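Accompanying notes for the structure given below.
In what follows, every heavy atom counts, from backbone to side chain, and hydrogens, waters and symmetry copies are set aside. Atoms within a ligand are numbered from 1 in the order they appear, just like the ligands themselves. Fair warning: this is a prediction, and the values are worked out from it, not measured in the lab.
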Amino acid sequence: MAFKVPRGTQDILPEQTPKWQKVESVLRELSRVYRYKEIRTPIFEQTELFQRGVGDTTDIVQKEMYTFDDRGGRSLTLRPEGTAAAVRAYVEHKMFGYPDQPVKLSYMGPMFRYERQQAGRYRQFVQYGVEAIGSADPAIDAEVISLAMDIYQTVGLKDLKLVLNSLGDKETRDAHRTALIKHFEPSIGEFCSDCQNRLEKNPLRILDCKKDHEHPLMSTAPALTDYLTESSAQYFNQVKNYLDVLGIQYEVDPNLVRGLDYYNHTAFEIMSTAQGFGAITTLCGGGRYNGLVEDIGGPDVPGIGFAMSIERLLLALEAEGVELEVGDALDIYVVAIGEEAKLKSAELISSFRTKGIAADMDYVDRKMKAQMKSADRLGAKFVIVIGESELEENAVNVKEMESGNQEKIEFHNLVNYLLEHK
Ligand code: HAM
């Protein structure tokens with residue numbers, strides 16, 4: 001039997017990892033610049049955390065979680081997202097008592113959702129996300145959004161669209177909810193069973209239905225923005241003012257509701273507008289969640305954040321034809337002819353490596369020509385060929401592959417030469 005990766009997962013092969021590492025380094029660097037400190041939480045959590053945190057009526061909780069009982073009979077779930085766990089940790093470790101508020105966290109790691117596999121939708125994917133917990137200042141909404149945009153721009157993406165909405169406060173949501181029920185109830189029989197269930201429990205979710213999105217009642221549904229309370233509308237305006245000051249362009253889409261229950265006020269998504277990106281264009285999603293900390297057992301503290309998958313970021317780069325500069329090239333390849341030369345090579349590459357010079361040699365007894373080809377394939381900047389005469393002279397021609405230039409350097413001067421020229 002031939003084994004394969006589980007459906008919806010992928011191996012990231014050695015030729016692909018440099019791109020991943022490059023993106024990861026951009027993410028780490030921008031987390032540092034914006035001061036979002038990394039938090040690492042477990043891959044699995046108590047199932048109830050997500051039921052409560054993400055919301056019982058969401059697709060994630062109803063259909064997509066990898067849930068299992070451990071040997072002690074506890075129900076555990078592989079994390080489908082990072083916000084609930086970050087907030088759990090915030091509450092558990094009483095971060096609301098930290099002197100510097102808001103607490104700004106970032107995370108990066110695998111998430112798991114049992115979704116239908118398609119381009120850009122995996123069952124295991126890597127999310128980078130941030131959470132700013134402890135501030136209800138519209139300036140931080142703009143900061144979080146600008147960090148997300150900065151990430152995409154730093155890696156070189158151009159075809160981006162930021163879509164923004166306000167989901168308002170509780171009063172807004174209650175008024176809108178009543179209007180939605182009134183709108184959908186007479187024809188709810190024409191909708192899928194999920195939507196029928198959502199009508200009473202959480203009618204806002206109907207607007208996000210993947211099956212019924214073409215139904216004519218969808219486009220005429222009452223928009224949340226028409227029900228915004230004065231203070232919510234004012235908050236939304238302030239967020240927009242900050243975005244304007246930061247020079248960040250956006251579109252307001254009153255139908256943007258997001259797929260998780262914890263949002264209120266600011267909600268946003270960043271889409272790729274690149275041709276041929278595929279059906280799923282959302283690169284990043286986030287928003288404000290002012291009730292979540294309390295729902296998870298903490299004090300009434302507001303929060304906002306976003307998450308993005310590295311998989312979709314890489315797909316967007318591909319769609320836009322952006323090549324990342326990955327910097328994984330080899331500094332020097334040492335070609336050895338004969339046993340004694342091989343011993344010398346081993347000694348030399350060890351001295352290179354201790355100085356941070358990336359060096360490699362042949363370990364499968366190939367002829368000189370094949371070794372030269374390897375050096376070429378590996379993108380080595382320099383090549384040296386060690387044979388009898390080099391051993392006798394204690395010196396070797398260092399060939400710069402791109403220019404073809406050669407310079408004779410004594411063995412004991414090689415490290416310095418390479419450090420100067422690599
Ligand atoms: P989300 O919209 O469920 O939000 O996911 C955020 C991002 O994760 C998506 O925009 C996409 O880039 C990526 N993503 C989600 N599902 C998949 C998948 N199956 N395959 C590949 N990529 C995927 C959240 O997870 C919230 N926790 C975001 C947040 C943080 N809100 C506030 N703080």
Can the positive tip of Lys240 be found less than 6.0 Å from the middle of the six-membered ring of Tyr242, inside 45° of the ring normal? no

Show me, by chain and number, every protein residue that has a heavy-atom distance under 4.0 Å to ligand 1. Glu81, Thr83, Tyr107, Arg113, Glu115, Gly120, Arg121, Tyr122, Phe125, Gln127, Glu131, Arg258, Leu260, Tyr262, Tyr263, Thr282, Leu283, Cys284, Gly285, Gly286, Gly287, Tyr289, Gly305, Phe306, Ala307, Met308, Ser309, Arg312

Indicate yes or no for a side-chain donor-acceptor contact from Glu131 to the backbone of Leu105 under 3.5 Å, with no hydrogens or angles considered. no

Got a sec, which pairs hit side chain to side chain donor-acceptor pair (under 3.5 Å) with one end in residues 1-18, sequence neighbours left out? none

Can you pull the side chain to side chain donor-acceptor pair (under 3.5 Å) pairs that have at least one residue in residues 188-200, sequence neighbours excluded? Asp59-Arg198, Lys63-Asp194, Glu190-His215

Are Phe184 and Phe191 an aromatic pair, judged by ring center distance below 6.0 Å? yes

Show every side chain to side chain donor-acceptor pair (under 3.5 Å) that has at least one partner inside residues 303-324, sequence neighbours left out. none

